[in-house]
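Each remark here refers to the structure printed beneath this line.
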Amino acid sequence: MKKFLIVLGAAAFLVSMPSCKKCSTCKYTYSSGGTSSTYTYPEQCGNKKDIDAYEDACATAASAVGGSCTCDKS
């Protein structure tokens, strides 16, 4: 019975811990008037859905100005 309670307590502790968050930093590069410029977004952390939306927003902004987007995950 004592082992069962220890295992149950450990399982409850693991379930109560927050899930692992992923982080990403994106930047897009574009040309304007013959010069190349880069805009870097602030780092975004969250679940996979949040990070995918963040990276899609960068790609959309880059394509609107004829540039390219790159993202670094941490």
Side-chain angles (χ1 to χ4, degrees):
M1 180 70 168
K2 189 174 183 179
K3 287 182 182 180
F4 175 74
L5 291 176
I6 291 172
V7 170
L8 183 63
F13 176 74
L14 291 174
V15 169
S16 68
M17 292 179 63
S19 63
C20 183
K21 290 188 175 182
K22 310 238 183 286
C23 295
S24 181
T25 303
C26 293
K27 61 182 172 184
Y28 68 85
T29 304
Y30 60 97
S31 295
S32 177
T35 61
S36 180
S37 300
T38 300
Y39 176 77
T40 303
Y41 287 95
E43 182 180 53
Q44 176 75 33
C45 296
N47 60 28
K48 182 175 176 9
K49 180 180 163 187
D50 296 337
I51 297 300
D52 288 344
Y54 170 74
E55 291 175 355
D56 288 343
C58 177
T60 300
S63 66
V65 295
S68 62
C69 174
T70 58
C71 298
D72 298 319
K73 296 183 182 191
S74 56

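These values consider heavy atoms only, across backbone and side chains, with no hydrogens, waters or symmetry-generated copies.
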Geometric class of the Tyr41/Tyr54 ring pair [parallel <30°, tilted 30-60°, perpendicular >60°]:
perpendicular
Correct closest heavy-atom pair for Ser68 and Ala62 would be C-CB, 3.7 Å
Check the pair Cys58 / Cys71 against disulfide bond (SG atoms under 2.5 Å apart), numbers first and verdict last.
CA-CA 9 Å; Cys58 177; Cys71 298; 4.8 Å; no
Student check: side-chain heavy atoms of Ser36 and Thr29 closer than 4.5 Å
yes
Rounded to the nearest 0.5 Å, what separates atom OG1 in Thr60 from atom CD in Glu55?
12.0 Å
Roughly how far, to the nearest 0.5 Å, is the CG atom of Asp50 from the OG atom of Ser24?
11.5 Å
Evaluate disulfide bond (SG atoms under 2.5 Å apart) for Cys45 paired with Cys23, printing each intermediate quantity in order.
CA-CA 4 Å; Cys45 296; Cys23 295; 1.9 Å; yes
Once rounded to the nearest 0.5 Å, what's the spacing between atom OH of Tyr28 and atom OG1 of Thr70?
12.5 Å
Atom pair OG1/NZ of Thr25 and Lys73 - distance to nearest 0.5 Å
11.5 Å
Within this structure, what is the OH-OG distance for the pair Tyr30 and Ser63, rounded to the nearest 0.5 Å?
14.0 Å
